[in-house]
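Chain letters run A, B, ... following the sequence lines, proteins first, then strands; residues in each count from 1.
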Protein chains: 2
Amino acid sequence: MKTETIEPGSYSISELAQEFGITTRAIRFYEDKGLLSPARRGQARVYSPEDRVRLMLILRGKRLGFSLDESREIIDMYDPAHGNVEQLQRLLQYIEQKRAQLQQQLRDIHSLMEELDRAEARARAALSSDQRKNPS
Amino acid sequence: MKTETIEPGSYSISELAQEFGITTRAIRFYEDKGLLSPARRGQARVYSPEDRVRLMLILRGKRLGFSLDESREIIDMYDPAHGNVEQLQRLLQYIEQKRAQLQQQLRDIHSLMEELDRAEARARAALSSDQRKNPS
DNA sequence: GGTTACGTTGACGTAAACGTAAAGCAAAAA
DNA sequence: TTTTTGCTTTACGTTTACGTCAACGTAACC
């Protein structure tokens, strides 16, 4: 029989690892780095849906080339732990900076996509000329 | 007096380093990894405009979170060194795969941008309430 | 002709992000 | 009850992408 989750809406470490195609080692590493802090059932880690969302945010950050530190900053942005005005000002600055970075990434992606289009066109042209030279 | 380039349309390693805000060490490292192969004037490296473009492509790749290996593959895509049909087929597959990755990145960027919007709204709301509590 | 500026080749160091055992605990299945 | 299954901590290893000297070459400036 398949190992089922005891409590609904909670996940074991291997469940999350399998769902997202990563290793349990990686998930524990993220915890070491302060990105996750799951509950414990005895000594075993128990992940809540919120933990799972945090993990998804970490992985999205990785897809965008963010370091774990960057992802942690972004995730920490969500919970309202920034009480004073100075913190909020810095948060706004950080947000603007991240926005600029994402806009640069958008430009980079568009230019690279156009290059992929051209490379594909060249490849298809080369293929069709090969076909003329060597018809099946 | 500023050090000028001997031949027009060519660059020293420190010129490129300064232009792109990286170290000469990094540029030499990219050469070690097969991403650049500048000419030599004596023992000194001389970079052509094409070399400079390759460097720009490397840095764009970095902004998108690519490894140097990935960037090399992408750059190698440009020069037509893929003679036979099998190579071309694999190139087309690679292009399609990269396109999918870029589209995923686009989705990730959009979702993150929306979250930045919400975070900014929350921060501004918190700021204005702080201002009410503590008017200058 | 000595110093300064810029370049070179090693070579070792380092931070990030895990991989990979090793050894043990604990619940569940046989 | 033994065995398997799954999870734990500890710890050393690995890859990537450079940083950081060190020691030297060379061309230019004073």
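- Note that CG of B/Leu64 is 9.0 Å distant from CG of A/Leu64, once rounded to the nearest 0.5 Å.
- A residue-by-residue look at A/Arg25 and A/Ala44 shows that A/Ala44 has its nearest nucleotide of DNA chain D further toward the 5' end.
- The structure places CG of B/Asp76 at 10.5 Å from OH of B/Tyr78, a figure rounded to the nearest 0.5 Å.
- Distance B/Phe66 CZ to D/dT16 P: 17 Å, rounded to the nearest Å.
- Whole-Å rounding puts the B/Leu36 CG to D/dA17 P distance at 14 Å.
- The residue among A/Thr24 and B/Tyr30 whose nearest nucleotide of DNA chain D is located toward the 5' end is A/Thr24.
- In summary, the side chains of A/Arg107 and A/Gln104 do present a donor paired with an acceptor at a separation below 3.5 Å, with no hydrogens or angles considered.
- Checking D/dG19, D/dC7, C/dG19 against the side-chain heavy atoms of A/Ile13 singles out D/dC7 as nearest.
- Of the candidate nucleotides D/dC7, D/dA17, C/dC18, D/dA17 has the atom lying nearest to any side-chain atom of B/Leu68.
- Applying the 4.0 Å criterion to OP1 and OP2 of D/dC18, one finds that B/Thr23 has every side-chain N and O outside that range.
- Side-chain atoms of B/Gln43 lie closest to C/dT8 of the nucleotides C/dA17, C/dT8, D/dG6.
- Between A/Glu70 atom CD and C/dA15 atom P there is a gap of 18 Å when expressed in whole angstrom units.
- Remark: P of C/dG10 and CZ of B/Phe29 are 16 Å apart, rounded to the nearest angstrom.
- For B/Asp32 and C/dG10, the CG to P distance is 10 Å, given to the nearest whole Å.
- Of the N and O atoms on the side chains of A/Ser111 and B/Arg60, at least one donor lies less than 3.5 Å from an acceptor on the other residue.
- For C/dT8, its base never sits under 3.5 Å from the side chain of B/Arg45 at any donor and acceptor pair.
- With D/dC7, C/dG7, D/dT8 as the candidates, the nucleotide lying closest to the side chain of A/Arg40 is D/dT8.
- Closest to the side chain of A/Arg28, from the set D/dG25, D/dA17, D/dC7, is D/dC7.
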task: For side-chain contact (heavy atoms from CB on, under 4.5 Å), just list the numbers for A/Leu68 and A/Arg72, CA-CA rounded to whole Å, side-chain angles, deciding distance to a tenth of an Å, and then say yes or no.
output: CA-CA 6 Å; A/Leu68 293 182; A/Arg72 178 157 31 78; over 6 Å; no

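- For D/dA17, neither phosphate oxygen OP1 nor OP2 lies less than 4.0 angstrom from any side-chain nitrogen or oxygen of B/Lys62.
- With distances taken from any side-chain atom of A/Ser12 to the nucleotides D/dC7, C/dA17, D/dC18, the minimum falls on D/dC7.
- A straight line from OH of A/Tyr11 to P of D/dC7 spans 16 Å, rounded to a whole angstrom.
- A/Ile27 has its CD1 atom 14 Å from the C1' atom of D/dG6, to the nearest Å.
- Atom CG in B/Asp69 sits roughly 12 Å away from atom P in D/dT15 (whole-Å rounding).
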